[in-house]
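Please read the structure below before turning to the comments.
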Amino acid sequence: MNDLFDSIAPPEQPRETIADGAYLLRGAALAFERDVLTGLDAVTARSPFRHMVTPGGFVMSVAMTNCGGAGWITDRSGHRYDAVDPESGQRWPPMPESFRGLAAAAAGAAGYLAFSPDARLINRYEPGARLSLHQDKNERDFERPIVSVSLGLPATFQFGGLRRKDPVRKYALRHGDVAVWGGPARLCYHGVAELKEGMHPALGGMRINLTFREAL
Ligand code: SIN
Ligand code: FE2
């Protein structure tokens, strides 16, 4: 009886709470995988990944690009959103339609309705790349969520509290997982530990992270 019920029950969307307002949606991007990878190729053909420089003069180990209206950039003068890719001198490439659907579905599954991101930062991690603990603070509204999609090699996500010295928990993020944090968790410190070597069937030796935000 139980076996039969199990076999016909719809698959549950697993939602793991990592803090009040912060969730991990395991595998939530898998249904969008093919279209998202096609969209990613279209974006990087026009605005390739590049290693940006922090205001302190350090070259970031994570390579970045953007698509859509507002692109996140950093250079010696600070970090900010800009409609123009400083390398091409043109506007960032348009956001692929598949990105929009994925971002809205994931935000909704985490309980954040009517999510309409204008900023989509794309991060590329190669083995050895890491993102140190930080808050996302360049956006206008610190209640609206961040939707963060993991593709390719697995990574260790570090998620802390509202103060830098708060304890940090670690979560494995795998291909297709989506992290969403907003409301009381919106300004939590987070980062990504150094990426380990590996080979992913769809993306090879790298991890890609898509970060959606309502920035402006
Ligand atoms: C970020 O904090 O912007 C990226 C997080 C990630 O790569 O998972
Ligand atoms: Fe971040």
Side-chain angles (χ1 to χ4, degrees), residues 16 18-19 21-29 36 40 43-44 49-52 54-55 58 60-68 70-74 78-81 92 99 102-103 106-107 110 115 117-164 166 168-183 185-196 198 200 203 205-215:
E16 212 177 299
I18 60 173
Y23 309 94
L24 291 184
L25 308 168
R26 298 290 182 190
V36 164
L40 186 64
V43 170
T44 56
F49 286 108
R50 78 289 307 267
H51 293 273
M52 298 187 199
T54 66
F58 293 101
M60 297 187 74
S61 61
V62 179
M64 298 176 171
T65 186
N66 290 276
C67 63
W72 187 88
I73 54 177
T74 175
H79 21 88
R80 60 192 175 277
Y81 285 98
W92 297 100
F99 285 23
L102 167 57
F115 184 56
D118 50 16
R120 307 101 196 164
L121 170 65
I122 307 172
N123 296 312
R124 184 189 68 194
Y125 297 73
E126 288 175 309
R130 61 188 285 272
L131 196 60
S132 53
L133 221 52
H134 66 279
Q135 294 171 294
D136 291 354
K137 281 199 304 200
N138 293 126
E139 300 74 31
R140 183 181 46 83
D141 183 341
F142 293 151
E143 290 287 316
R144 299 297 289 158
I146 303 231
V147 171
S148 179
V149 177
S150 290
L151 298 168
L153 289 180
T156 302
F157 186 48
Q158 304 159 325
F159 201 83
L162 297 174
R163 293 166 305 177
R164 185 178 284 279
D166 287 341
V168 171
R169 290 208 199 106
K170 294 179 182 166
Y171 302 88
L173 291 182
R174 297 184 191 84
H175 181 70
D177 289 348
V178 183
V180 181
W181 62 99
R186 176 59 178 72
L187 288 177
C188 284
Y189 278 88
H190 59 281
V192 177
E194 196 173 299
L195 195 79
K196 297 203 175 83
H200 186 272
L203 281 148
M206 67 175 100
R207 169 178 187 259
I208 300 282
N209 166 256
L210 311 176
T211 298
F212 298 92
R213 305 177 182 137
E214 290 174 349

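Start at 1 and go down the list; that is how both ligands and their atoms are numbered. No experiment lies behind these values; they were computed from the predicted model shown.
Residues passing the side chain to side chain donor-acceptor pair (under 3.5 Å) test with Q158: none are found, sequence neighbours excluded. Partners of E194 under the salt bridge (Lys or Arg N to Asp or Glu O under 4.0 Å) rule, at least two apart in sequence or in another chain, do not exist in this structure.
The minimum distance between the Fe ion (ligand 2) and any N, O or S atom of H190 involves atom NE2. Distances from the Fe ion (ligand 2) to the N/O/S atoms of D136 are shortest for OD1.
A donor-acceptor pair is defined here as one N or O able to donate and one able to accept, closer than 3.5 Å; no such pair exists between the side chain of H200 and the backbone of G198. No side-chain donor-acceptor contact under 3.5 Å links D166 to the backbone of G160.
Contacts classified as side-chain hydrogen bond (donor to acceptor under 3.5 Å, both in side chains) and involving residues 118-128 (residues at least two apart or in different chains) are given here: N123-N209.
Summarising the geometry, atom CZ belonging to R164 is positioned 7.5 Å from atom CD belonging to Q135; distances are rounded to the nearest 0.5 Å.
Counting non-hydrogen atoms of other residues, nucleotides and ligands closer than 6.0 Å to OH of Y171 gives a total above 12.
A distance limit of 4.0 angstrom between heavy atoms and ligand 1 selects the residues N123, Y125, L131, H134, S148, H190, V192, R207, N209, T211, R213.
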